[in-house]
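Notes to accompany the following structure.
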Number of protein chains: 2
Amino acid sequence: MTTDTPARLLRLLSLLQTPREWPGGELADRLGVSRRTVRRDIDRLRELGYPVQATKGAEGGYRLVAGKAMPPLVLDDEEAVAIAVGLRAGAGHAVEGVDEASVRALAKLEQVLPSRLRRRVSTLQAATDPLTSGDGATVAPETLTLIASAVAGQERLRFAYRSRDGTGTRRLTEPYRLLSTGRRWYLVAYDLDRADWRTFRLDRVSDPFATGARFTPRELPTGSAAEYLRQSMYRRQEAYAFDVTFAAPAELVAARLPGWLGSPEPVDEHSCRLRGTADASPAWLAVRLALFDCEFTVHEPPELLGCVRDLGARLTRAAGGTTP
Amino acid sequence: MTTDTPARLLRLLSLLQTPREWPGGELADRLGVSRRTVRRDIDRLRELGYPVQATKGAEGGYRLVAGKAMPPLVLDDEEAVAIAVGLRAGAGHAVEGVDEASVRALAKLEQVLPSRLRRRVSTLQAATDPLTSGDGATVAPETLTLIASAVAGQERLRFAYRSRDGTGTRRLTEPYRLLSTGRRWYLVAYDLDRADWRTFRLDRVSDPFATGARFTPRELPTGSAAEYLRQSMYRRQEAYAFDVTFAAPAELVAARLPGWLGSPEPVDEHSCRLRGTADASPAWLAVRLALFDCEFTVHEPPELLGCVRDLGARLTRAAGGTTP
DNA sequence: TGTACTAGGCCGGATTCTGTCCTCATCGCA
DNA sequence: TGCGATGAGGACAGAATCCGGCCTAGTACA
């Protein structure tokens, strides 16, 4: 236990993050310094922008409260594992607006995650995410974080890519941005061999590898990466339109809808119609629709219709073949 | 920019957590100190147990790597929001073994989450978690974190409770432990009015409020809280048994099963039988089963059979009522 | 071979930190 | 209404630490 000031500040921060009140005396004991020094340390934390609330009088104490900036989170082993598992599960069904930040956070965490915890994370992860099963094309979290790191660190990225017709190629790219359209992940990158910009579906990427080589990012011809991706997807017609009527008010459907699927238009008070586009397989969308516990009708496309019919038939069979 | 050493160390930590290489000179610039001091600071981080890997030679630099302990995570706004949203979504369908730690981490994070970010979290959260819809009884993340804090901080907890027959009461408790059985959350606590131990289903709790009053935890008569909860659930027969046959190998089903549902026994090479107990509503379990994309047969209980039949009928209707 | 980078020792001066002692304000309890 | 426990903060002196500059050594890459 050295008398190192910065180390003590970090320990104080970690103590204060436990959601409870800490009397000054106890903090002084734990940190091995005098009460006065504890007060000074707390002043320092406040100056750093991490407000510490103090209740005076007997039974008083200190407690870290919400401030203007996020203080460094001090996590114990189990909490770190929980966050990693949660983020990896979440990386599958990405929520619009958080997806990319979520992967960044995961990359940051896994960069420093002790190896003994890493094992626990991968073990636990097997038990998660029922929804990924609907559509075979999933992305390994390792792939996601590795590519996110390469984007952030501006390192060249090499990987194997399986194109739509099944042929495999090896690519050397300058990764530009990671994007998700609800269900799928895409990488927008400059392909060095083809000497042009490309978009890659991450579920077709394998063996990604960050060569240490740094690069200075080129300018994307189209304005934003999201715009470029959208154009590229429409060009290849990877997305398809669907059309469904729900026997529920529009606002109810909207509240329970992933958002990136589109927004429903009210037909009358008790029903609404949803026309949108999806880039996932119809089978996955069918399961998704089954989750709504209200009547609905599928109009388009025929593939979706077939999937819903099959799922319905399977469930009916499941209920029919009962044994007394 | 004061020349405060501990503050500089924190900033260095936050810089190093960006997944990229940092040359010493750049770090010195950013921190406003000499190269020599940067080296010393990095030494200090190493002494604190956060190993910094350095690559020598040109193009060299520093980078934080996995060590023995978790370093304090320095998150930017978006990452903090992403983690909060991810954890809140995950708090619904809890994964065995991480559930409680996950709530603890969420409580820790939300305790210090700046209010402007808090708004973004609650906005985004609306768009998540499709599975909670199957079963109306969900728990607000705020309730979860507040109770977790009360357990950790050993503060008395007051809340309104709606018992199974619908009558509402107010309780004053000493919260002991938070548990989840897959789908549902339970609080094991000492009820001060009844002067005895009780278990509470969190989806029946409303208006929880931590009175500042501290208490020293009593000893639970039964050994562990999990054991106590299990006994109490069997006494009330809140859980029910189910029995399903899948037309898929046992290991495949086991891999995609939430784990707490039970483990399947192989019938032959291509099918297996799952007998387990669930405390969720049959409707929710029916949707869950629909997610498996293999044939299956429901044997028990009749309620589940009915739900599966209804769901199948609804999907068939959805596919049937097509418009040309 | 040269260059750019990390690693680390040494030293002197400046800065900061810590513990002690002090006073004052606030709160809860007897 | 007073007492005790707690937080807030000023003053001060001695000790510890920190910082920058200078040095050499080792490594990787062009």
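In what follows, chains carry the letters A, B, and so on, assigned in the order in which the sequence lines appear, proteins first and then strands, with residues in each chain numbered from 1.
Looking at residues 41-51 of chain B, you'll see Arg44(B) sit with a heavy atom under 4.0 Å from some atom of DNA chain D.
Phosphate contact (OP1/OP2 of dC19(D), side-chain N/O of Arg8(B), threshold under 4.0 Å): present. At least one side-chain nitrogen or oxygen of Thr37(A) sits closer than 4.0 Å to the OP1 or OP2 atom of dG19(C). For dC17(C), neither phosphate oxygen OP1 nor OP2 lies less than 4.0 angstrom from any side-chain nitrogen or oxygen of Thr5(A).
Recorded end-axis angle for the helix from dT1(C)-dA30(D) to dA30(C)-dT1(D) stands at 50°, based on five pairs per end and rounded to 10 degrees.
Between the side chain of Arg35(A) and the base of dG19(C), no donor-acceptor pair under 3.5 Å is found. For Arg39(B) and dG20(D), a side-chain-to-base donor-acceptor distance below 3.5 Å is absent, hydrogens and geometry of angles not being considered.
Distance CD (Gln53(A)) to C1' (dA8(D)): 15 Å, rounded to an integer number of Å. The nearest whole Å value for the distance from the CG atom in Asp29(B) to the P atom in dC5(C) is 11 Å. For the pair Arg36(B) CZ and dG9(C) C1', the interatomic distance rounds to 8 Å; values are reported in whole Å. Regarding Leu9(B), its CG atom lies at a distance of 14 Å from the C1' atom of dC19(D), rounded to whole Å. Atom pair Arg40(B):CZ and dC19(D):C1' shows a separation of 6 Å (rounding to whole Å applied). Atom C1' of nucleotide dA5(D) and atom CD of Glu26(A) are separated by 15 Å, given to the nearest angstrom.
The backbone N or O of Leu157(A) lies less than 3.5 Å from a partner atom in the side chain of Thr173(A), making a donor-acceptor pair. Formation of a donor-acceptor pair under 3.5 Å by the Trp22(A) side chain with backbone atoms of Leu15(A) is found in this model.
Proximity of Leu117(B) to Arg120(B): side-chain heavy atoms (C-beta onward) are separated by under 4.5 Å at one or more points.
For Ala54(B), the listed nucleotide lying nearest its side chain is dT6(C); candidates were dT6(C), dC10(C), dG7(D).
Sorted by first then second residue, the side-chain hydrogen bond (donor to acceptor under 3.5 Å, both in side chains) pairs that include residues 37-48 of chain B, not counting sequence neighbours, are Arg8(B)-Asp41(B), Ser34(B)-Thr37(B), Asp41(B)-Arg44(B). Note on residues 146-156 of chain B: pairs passing salt bridge (Lys or Arg N to Asp or Glu O under 4.0 Å), not counting sequence neighbours, are Arg63(A)-Glu155(B), Arg156(B)-Glu174(B).
Contact detail for Gly24(A) and Tyr62(A): the closest heavy-atom pair is CA-CE1, 3.9 Å.
For Tyr228(B), there are no ring-ring contact (aromatic ring centres under 6.0 Å, His included) partners at least two apart in sequence or on another chain. Shown here are the ring-ring contact (aromatic ring centres under 6.0 Å, His included) partners of Phe159(A), two or more places apart in sequence or in another chain: Phe200(A).
Along DNA chain D, the nucleotide nearest to Pro6(A) and the one nearest to Pro23(A) differ in position, and the one closer to the 5' end is contacted by Pro23(A).
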Check the pair Thr55(A) / Glu21(A) against side chain to side chain donor-acceptor pair (under 3.5 Å), numbers first and verdict last. CA-CA 9 Å; Thr55(A) 49; Glu21(A) 294 250 318; 3.0 Å; yes
